[in-house]
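Note sheet for the following structure.
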Amino acid sequence: MKKLFLGLAMTAGTMALAQEQVKEVVKIANEKPPVRFGIKAGANAAAFSEQKLSIDNQKIGFNAGLFVNIPLADKISFQPEVLYNQMGAKSVITSNEVTTGSTTVKTEANSKVELNYISVPLMFQFRPAKSFYFEAGPEFSYFLDGKNKGETTITTTNGSTTATQYASASESIDKDDIKKFNVGLGLGVGLDITDNLGINARYISSLTHIADNSDVPEANKNINTNRVFQLGLSYKF
């Protein structure tokens, strides 16, 4: 009889312990990941919507700023960011090469438009796997300043000797010519390399015109919008 009571007591104790362990597992499974803050930075390849898709038209810049990742569910999170964001475009005006005898002269002239914004992307992220996610959401930007730049490169080759000449010019863009606010949509993917370090690729397509066309006749409006591809690193604390 004593052995029976002892066996029942041991069984009851084991069941109680197992029940507590199950409750703990369920609790952990139902808990959302913590809110995390971070910093991020990366490269931009920007162009205007009315340009042909070409590597020659891509203006290289950068983005950098802060973010906070807020879990909404086990696999869904909301990530607002504040970024310094360089957009714009590049255009090759002329590119020619002339050979006279043993001398070759190559001339290339291009122009760049540099547009600097403070951008606030509001990204919703979905994680089909723990370390991989898709993201989408709007981006709101405020125009800070910009420049028009021109560069000319002349390369002269004579036999084994090469000489290169550079010439450049730059002027500030009149802020009244650019819309102060820019609205776009972003799509991207990301991968967490470690618990803290991640890599992200994102494409932003603007919905609003870059130029302020408020006093411009319909036929003369500049309908260019920003297009930018971003690739960068992020670090979560």
Q: Provide the closest heavy-atom pair for G186 versus M123 in the form atom of the first, atom of the second, distance.
A: CA-CE, 4.0 Å
Q: Show the numbers, then the answer: is there a side chain to side chain contact (heavy atoms under 4.5 Å, CB included) between D56 and N110?
A: CA-CA 10 Å; D56 293 334; N110 64 67; over 6 Å; no
Q | Validation row: S234, L197 side chains within 4.5 angstrom (heavy atoms) | A | no
Q: Establish, from distance only, whether the side-chain atoms of N63 and Y117 form a donor-acceptor pair under 3.5 Å.
A: no
Q) Which ILVMFWY residues can you reach from V105 by hopping between side chains whose heavy atoms are under 4.5 Å apart? A) I154
Q. Taking atom CG of N57 and atom NZ of K112, what is their separation to the nearest 0.5 Å?
A. 12.5 Å
Q. Looking only at heavy atoms, what is the nearest atom pair of K149 and S170, with distance?
A. CG-OG, 3.8 Å
Q: Treating Ile, Leu, Val, Met, Phe, Trp and Tyr as nodes and any side-chain heavy-atom pair under 4.5 angstrom as an edge, say whether L187 and I76 lie in one connected cluster.
A: no
Q: Output yes when a side-chain donor or acceptor of K180 lies under 3.5 Å from a complementary backbone atom of K175, and no otherwise.
A: yes
Q: Check whether M87 and V82 end up in the same hydrophobic cluster, where Ile, Leu, Val, Met, Phe, Trp and Tyr are linked by side-chain heavy atoms less than 4.5 Å apart.
A: no
**Q.** Straight-line distance of L72 CG to Q79 CD, nearest 0.5 Å
**A.** 11.5 Å
Q) In terms of hydrophobic clusters joined by side-chain contacts under 4.5 Å, are L144 and I210 together? A) no
Q: Any pair with a residue in residues 32-57 that passes ring pair (Phe, Tyr, Trp, His ring centres under 6.0 Å), sequence neighbours left out, goes on the list, sorted by first then second residue, please.
A: none
Q: Measure the spacing between CZ of F124 and CD1 of I70 and express it to the nearest 0.5 Å.
A: 9.5 Å
**Q.** Criterion side chain to side chain contact (heavy atoms under 4.5 Å, CB included) on R127 and D192, from CA distance to verdict
**A.** CA-CA 11 Å; R127 291 181 175 270; D192 294 330; 2.9 Å; yes
Q: Apply side chain to side chain contact (heavy atoms under 4.5 Å, CB included) to the pair E97 and T157, showing each step before the final yes or no.
A: CA-CA 11 Å; E97 186 174 301; T157 304; over 6 Å; no
Q. For the side chain of N182 and the backbone of F140, is there at least one donor-acceptor N/O pair under 3.5 Å apart?
A. no
Q | Check: S102 side chain, G159 main-chain N or O, donor-acceptor pair, under 3.5 Å | A | no
(Q) With a 4.5 Å cut-off on side-chain heavy atoms, are N116 and Q86 touching? (A) yes
Q) What are the two closest non-hydrogen atoms of S141 and E139, and how far apart are they? A) OG-OE2, 3.6 Å
Q: Return the minimal non-hydrogen interatomic distance between A201 and F229, and the atom names on each side.
A: CB-CZ, 4.2 Å
Q) Can you tell me if T194 and N196 form a side-chain donor-acceptor pair at under 3.5 Å? A) no
Q. Is the closest side-chain heavy-atom distance between K59 and L115 below 4.5 Å?
A. no
Q | Minimum side-chain heavy-atom gap P80-L122 below 4.5 Å | A | yes
Q. Do side-chain atoms of Q51 reach the backbone of K90 as a donor and acceptor pair under 3.5 angstrom?
A. yes
Q) Is there a donor in the side chain of N222 and an acceptor in the side chain of E50, or the other way round, less than 3.5 Å apart? A) no
Q) Which atom pair, heavy atoms only, marks the closest approach of P34 to P71? A) O-CG, 3.6 Å
(Q) So K75 and Y133, do their side chains get closer than 4.5 Å, heavy atoms only? (A) no
Q.
I need the H209 NE2 to K179 NZ distance, nearest 0.5 Å.
A. 6.5 Å
Q: Count the heavy atoms belonging to other residues, nucleotides or ligands that lie under 6.0 Å from NZ of K106, then report whether that count exceeds 12.
A: no
(Q) In the structure I gave you, are the side-chain heavy atoms of D212 and D177 within less than 4.5 Å of one another anywhere? (A) no
Q. Is there a path from Y142 to F62 through hydrophobic residues (I, L, V, M, F, W, Y) whose side chains come within less than 4.5 Å of each other?
A. yes
**Q.** Distance (rounded to the nearest 0.5 Å) between R227 CZ and L53 CG
**A.** 11.0 Å
Q. Is the closest side-chain heavy-atom distance between N69 and Q125 below 4.5 Å?
A. yes
Q) Under 6.0 Å between the ring centres of Y235 and F237? A) yes
Q) Between V183 and T208, what is the shortest heavy-atom contact and its length? A) N-OG1, 3.1 Å
Q) Does L83 belong to the same Ile/Leu/Val/Met/Phe/Trp/Tyr cluster as F67, with side-chain heavy atoms less than 4.5 Å apart forming each link? A) no
**Q.** No-hydrogen, no-angle side-chain donor-acceptor test under 3.5 Å, T225 and S49
**A.** yes
Q: Could you tell me the separation between the CG atom of N213 and the CG atom of N220, rounded to the nearest 0.5 Å?
A: 9.5 Å
Q) Any side-chain heavy-atom pair from Q230 and N85 closer than 4.5 angstrom? A) yes
